[in-house]
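Encoded as structure tokens, the structure appears first; notes follow it.
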Amino acid sequence: MPAGILGIGKFIPERVLTNFDLEKMMDTSDEWIRTRTGIEERRITDDQTNTSDMAYGAAKKAIENARLSATDIDMILVATVTPDQPFPSVACMLQDRLGAGHVPSMDISAACAGFMYGMVTAKQFIESGTYKHVLIVGVEKLSKITNWDDRSTAVLFGDAAAAVVMGPVSEGKGILSFELGADGSGGKNLYQDEKFIKMNGREVFKFAVRQMGESAVNVVEKAGLKKEDIDFLIPHQANIRIMEASRERLGIPEDKMIKTIQKYGNTSASSIPLALADALEEGIIQDGNLIVMVGFGGGLTWGALTLRWGK
Ligand code: UT7
């Protein structure tokens with residue numbers, strides 16, 4: 001049976017950091033941030049809330065939303081580049097806290113493409129019949145690796161978590177096609193040094209525009225679909241100009257792109273499921289809709305998939 005999404009949940013920190021707040025912290029302006037990135041505000045966790053706490057909040061809701069209990073979960077995958085510590089993994093911490101039993105649990109390090117890597121990994125186990133229910137969490141506490149003295153990166157990122165439970169769905173639903181890739185030679189353009197995120201923004205921008213567009217087109221073709229079949233595009237919410245470029249490459253109208261960057265900024269691995277969660281809450285996505293998801297990130301990595309919504 002094909003693999004699809006059975007439940008979804010999100011965790012959004014309460015504290016809002018607006019562009020106007022940032023104006024007081026560094027030499028920047030609301031105008032620059034809005035026009036160059038599309039971001040108006042982002043969420044930042046308090047010091048007591050770590051990555052695993054956010055992951056737990058989102059995971060619990062996703063399991064409830066799937067009408068399952070933690071003991072029904074057969075595998076846990078957590079996409080993050082900001083784990084509480086290098087090990088044990090956030091996935092193992094989450095397994096214990098959820099009471100999920102001794103199921104395989106691991107973190108995936110593919111930066112902003114991490115959730116695409118997680119969904120595609122889950123699909124393999126579900127479709128092969130190995131595992132029935134896989135929990136995938138995209139979570140980042142980017143504020144802890146943000147250099148607040150570097151305006152070229154500090155204005156971009158936010159903290160958040162979102163999770164899905166994937167499992168078998170009926171024929172024609174679920175993931176129809178996918179593409180994953182990586183180019184390690186581009187790693188130097190986006191990385192973490194001992195402490196902080198370092199980025200060559202222009203190089204990452206060029207890569208993102210090219211790769212997001214290409215991967216989105218590829219997965220639509222692989223699924224044997226046409227651009228007219230696409231109901232929604234959910235791109236990684238990194239920069240509105242990058243998102244728009246991939247939408248234009250797909251040749252679909254503006255109202256078909258899900259956009260949450262203005263309120264959350266770039267939340268890396270959680271940005272795609274977070275946008276999906278919001279669109280579902282708002283009733284925008286309906287049963288049977290065809291969704292294209294596409295992400296890129298540090299590595300450099302990329303991933304895209306087409307998904308027919310519904311069970
Ligand atoms: O999840 C993946 C994560 N990474 C990305 O998605 C990043 C991809 N890259 C980008 O989104 C864009 O490159 C940025 C938003 C990071 C930068 O936008 P840009 O249009 O590429 O600007 P730029 O780096 O070419 O800088 C233009 C100017 C510079 O001033 P000068 O040299 O022209 O005088 C910067 O110093 O803007 C200046 N600048 C700022 N000004 C006000 C850079 N950051 C800021 C800022 N506020 N926060």
Side-chain angles (χ1 to χ4, degrees), residues 17-42 79-82 108-118 138-143 145-162 181-184 186-193 196-213 215-216 234-247 257 259-262 264-275 293-304:
L17 189 68
T18 67
N19 291 349
F20 299 104
D21 295 327
L22 288 172
E23 282 182 354
K24 293 177 202 134
M25 295 163 62
M26 62 192 73
D27 179 19
T28 190
S29 66
D30 171 60
E31 213 264 331
W32 191 94
I33 303 170
R34 254 186 312 107
T35 53
R36 307 296 267 208
T37 72
I39 302 166
E40 292 166 23
E41 56 187 46
R42 70 287 289 143
T80 187
V81 290
T82 50
I108 293 177
S109 176
C112 310
F115 204 80
M116 295 294 91
Y117 272 65
V139 56
E140 301 291 2
K141 181 172 168 152
L142 291 165
S143 58
I145 58 166
T146 296
N147 180 357
W148 297 102
D149 293 325
D150 174 10
R151 67 175 183 173
S152 70
T153 54
V155 302
L156 303 175
F157 301 108
D159 300 337
D183 175 5
K188 57 186 179 297
N189 292 322
L190 180 54
Y191 63 97
Q192 187 189 341
D193 64 10
F196 297 127
I197 299 167
K198 296 270 168 125
M199 184 173 71
N200 181 341
R202 279 181 207 182
E203 284 305 314
V204 176
F205 191 96
K206 279 191 276 180
F207 157 74
V209 166
R210 190 185 67 246
Q211 195 58 55
M212 291 254 282
S215 295
I234 308 185
H236 168 45
Q237 313 276 311
N239 183 319
I240 191 66
R241 293 183 289 146
I242 298 171
M243 293 159 59
E244 281 296 340
S246 54
R247 180 185 67 75
M257 185 172 78
K259 180 168 95 68
T260 56
I261 188 168
Q262 69 284 2
Y264 303 130
N266 178 349
T267 60
S268 185
S270 71
S271 98
I272 293 174
L274 185 55
M293 300 181 183
V294 59
F296 72 94
L300 300 168
T301 54
W302 60 91

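The chain is numbered in sequence order, starting from 1. Both backbone and side-chain heavy atoms feed into the values below; hydrogens, waters and symmetry mates do not. Worth saying up front: this structure is predicted, and the values here are computed from it rather than measured. Counting convention: from 1, in listed order, for ligands and their atoms alike.
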Distance from [atom] to nearest protein heavy atom, with residue and atom:
atom: atom 28 (C) of ligand 1; value: W32 NE1, 4.2 Å
atom: atom 48 (N) of ligand 1; value: R151 O, 3.0 Å
atom: atom 47 (N) of ligand 1; value: T28 OG1, 2.6 Å
atom: atom 4 (N) of ligand 1; value: M199 SD, 3.2 Å
atom: atom 21 (O) of ligand 1; value: R202 CG, 3.8 Å
atom: atom 19 (P) of ligand 1; value: R241 NH2, 3.7 Å

### Sub-4.0 Å protein heavy atom next to atom 13 (O) of ligand 1
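So far as the 4.0 Å threshold goes, atom 13 (O) of ligand 1 is in reach of a protein heavy atom.
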
### Message
When you measure from atom 23 (P) of ligand 1 to the protein, is at least one non-hydrogen atom found at a distance under 4.0 Å?
### Response
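Given the 4.0 Å cut-off, atom 23 (P) of ligand 1 counts as touching protein heavy atoms.
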
Evaluate [X] for polar contact with ligand 1, using N/O atom pairs at a separation under 3.5 Å.
X: T37; value: no
X: R36; value: yes
X: G201; value: yes

State the atoms of ligand 1, each with its element, that fall below the 4.0 Å cut-off from a heavy-atom position in [X].
X: A238; value: 6 (O)
X: V155; value: 48 (N)
X: C112; value: 1 (O), 2 (C)

### Query
Contact between S152 and ligand 1, counting heavy atoms under 4.0 Å?
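So S152 counts as touching ligand 1.
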
